[in-house]
Q: 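Sharing a structure with you now.
In listed order, ligands and their atoms are each counted from 1.
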Amino acid sequence: RAKRDGRNGYCFFTGEMQAQSVRALELENALRRALKRQQLSLHYQPQLCLGSGRVIGAEALLRWQHPQLGAVSPAEFIPIAESSGLILEIGEWVLREAAGQLRRWLDAGLPPLRMAVNLSSVQFRHADLPELVSRIMAEAGLAPEMLELELTEGVALTDPLGAIAVMADLNARGVRLSIDDFGTGYSSLSYLKKFSAYKLKIDRSFVRDLTEDPEDKAIVNAIISLARSLGLQTIAEGVETEGQLALLREQGCDEVQGFLFSRPLPAEGFAAFVCQHVA
Ligand code: C2E
Ligand code: MG
Ligand code: MG
Ligand code: MG
């Protein structure tokens, strides 16, 4: 059986597992070359102030267009970038590209905006991160306050004290921290207190059924009250309907982001969106 089914001792893999790991290996090799071949780009999704309706920021979201494989989703390639260590190089490119883009928008006359960048826990555990972030913002001629780093609660999973120290360092440098996918992780409220967070980002899974599910409504309400009592801002992700928006307004959410306003856009599209909303 072993001889017939598999080579190189991989006979214990099921066919499907094998196909998955072959795909992962293929993607890893392709990802290694993607940066140099300029296949990676950033799209930007508007973040709006719920009260004024103004665009106040952008979330940078990584895109990978491979000539043969087509568009590969970050949900698939980010974990591969993390396990292979490639995320350090890619993450640094993302930070530099996002900062450079914000610089170009400001130079082109766009109103002041904040740039939100997603950070992997692997980057977070890397000793140089705070220094690197400061350097990139300075090189782009941007105040550190214009950068918001989106972290998930998972950054504190393996080394909570180390993570808390890095957060305090970033915070002292003026960089803002937002807890992404809030409510889906495992961190305790006593950690949250020590996170130096500026904002809680309410996970899309609670927003989705907000208008039909009384439990989701209660959870969103609780997150917003918690944030308010801790002096934190709130943003809801994945807002798709007017009904969800109305409830979030009623509950006092500060900011919103989602397909109702705009999908993530290439840089030029984002600039056009901002101009329409200013006029
Ligand atoms: P995330 O940071 O929670 O980003 C939100 C995701 O929800 C994005 O998916 C966005 O396109 C999508 N989204 C936004 N509004 C809506 C909506 O109204 N409805 C629905 N159904 N979806 C919405 P995307 O771009 O595929 O990114 C997936 C995840 O990949 C991100 O989740 C983030 O964890 C990760 N990611 C993306 N870019 C980067 C990056 O530069 N670095 C790192 N470390 N992770 C990244
Ligand atoms: Mg995010
Ligand atoms: Mg999120
Ligand atoms: Mg998410």
Q: What part of Arg263 sits under 4.0 Å from ligand 1 if we count only heavy atoms: the side chain, the backbone, both or neither?
A: neither
Q: So, Glu82 and Ser120: side-chain donor and acceptor under 3.5 Å apart, yes or no?
A: yes
Q: Regarding Thr234 and Asp254, is there a side-chain donor-to-acceptor distance under 3.5 Å anywhere?
A: yes
Q: Nearest 0.5 angstrom please: Ser84 OG to Glu89 CD, how far?
A: 10.0 Å
Q: Would you say Gln257 and Lys201 are linked by a side-chain donor-acceptor pair, where the criterion is simply a distance under 3.5 Å?
A: yes
Q: Closer than 2.8 Å to the Mg ion (ligand 2): does that hold for any N, O or S atom in Asp181?
A: no
Q: Taking atom types as modelled, is there a side-chain donor on Ser134 or Arg173 under 3.5 Å from an acceptor on the other?
A: yes
Q: By number and element, which atoms of ligand 1 are closer than 4.0 Å to a non-hydrogen atom of Asp181?
A: 3 (O)
Q: Examine distances only and state if a side-chain atom of Gln233 and a backbone atom of Lys199 form a donor-acceptor pair shorter than 3.5 Å.
A: no
Q: Around atom CZ of Arg54, are there more than 12 heavy atoms from other residues, nucleotides or ligands closer than 6.0 Å?
A: no
Q: Does any N/O atom on Asp180 come nearer than 3.5 Å to any N/O atom on ligand 1?
A: yes
Q: For the Mg ion (ligand 2), what is the closest N, O or S atom on Asp180?
A: OD2
Q: Tell me whether Glu237 has at least one N, O or S atom under 2.8 Å from the Mg ion (ligand 2).
A: no
Q: Pick, from Val239, Thr152, Ile78, the option with the minimum heavy-atom distance to atom 46 (C) of ligand 1.
A: Ile78
Q: For Gln20 and Arg23, run side-chain hydrogen bond (donor to acceptor under 3.5 Å, both in side chains): C-alpha distance rounded to whole Å, both residues' side-chain angles, the deciding distance at 0.1 Å, then the answer.
A: CA-CA 5 Å; Gln20 270 174 22; Arg23 161 101 176 158; over 6 Å; no
Q: Which atoms of ligand 1 are found less than 4.0 Å from any heavy atom of Glu59?
A: 2 (O), 4 (O)
Q: Quick one: does ligand 1 sit under 4.0 Å from the side chain of Leu62, the backbone, both or neither, non-hydrogen atoms only?
A: both
Q: In terms of atom number and element, which parts of ligand 1 are under 4.0 angstrom from non-hydrogen atoms of Ser120?
A: 44 (N)
Q: If I apply the N/O under 3.5 Å rule, does Pro264 come out as touching ligand 1?
A: no
Q: Examine the proximity of ligand 1 to Asn118 and report which part, side chain or backbone, both or neither, has a heavy atom under 4.0 Å away.
A: both
Q: Check each heavy atom of Leu260 against ligand 1 and say whether those closer than 4.0 Å belong to the side chain, the backbone, both or neither.
A: neither
Q: Looking at every non-hydrogen atom in both residues, tell me the closest pair between Lys217 and Leu210 and how far apart they are.
A: CA-CD1, 3.7 Å
Q: Measuring from the heavy atoms of Lys201, does anything fall under 4.0 Å of ligand 1?
A: no
Q: Just to the nearest 10 degrees, tell me the angle at the Mg ion (ligand 2) spanned by Glu59 OE2 and Asn118 OD1.
A: 90°
Q: Which of the atoms of ligand 1 are close to Val94, meaning less than 4.0 Å from one of its heavy atoms?
A: 41 (O)
Q: What is the name of the N/O/S atom of Glu150 that is nearest to the Mg ion (ligand 2)?
A: OE1
Q: Nearest 0.5 Å, please: how far is CG in Asp216 from CZ in Arg208?
A: 8.0 Å
Q: Find all atoms of ligand 1 within a distance of less than 4.0 Å from any non-hydrogen atom belonging to Gly258, and give their numbers and elements.
A: 15 (N), 18 (O)
Q: Please confirm whether Gln45 comes within less than 3.5 Å of ligand 1 when only nitrogen or oxygen atoms on both sides are compared.
A: yes
Q: By number and element, which atoms of ligand 1 are closer than 4.0 Å to a non-hydrogen atom of Gly238?
A: 16 (C), 17 (C), 18 (O)
Q: Among Leu62, Ile87, Leu61, Leu119, find the one that has a side-chain contact (heavy atoms from CB on, under 4.5 Å) with Val94.
A: Leu62
Q: Can you confirm, on distance only, whether ligand 1 has an N/O atom lying under 3.5 Å from any N/O atom belonging to Ala75?
A: no
Q: Answer yes or no for Arg204: is there a heavy-atom contact with ligand 1 below 4.0 Å?
A: yes
Q: Using a 3.5 Å cut-off on N or O atoms only, is Glu240 in polar contact with ligand 1?
A: yes
Q: Might you confirm whether atom CZ of Arg263 has over 12 heavy atoms from other residues, nucleotides or ligands at distances under 6.0 Å?
A: no
Q: Could you check whether Glu97 pairs with Arg104 (Lys NZ or Arg NE/NH1/NH2 to Asp/Glu carboxylate O, under 4.0 Å)?
A: yes
Q: Measure up the Trp64 and His66 rings against each other and bin them: parallel (under 30°), tilted (30 to 60°), perpendicular (over 60°).
A: perpendicular
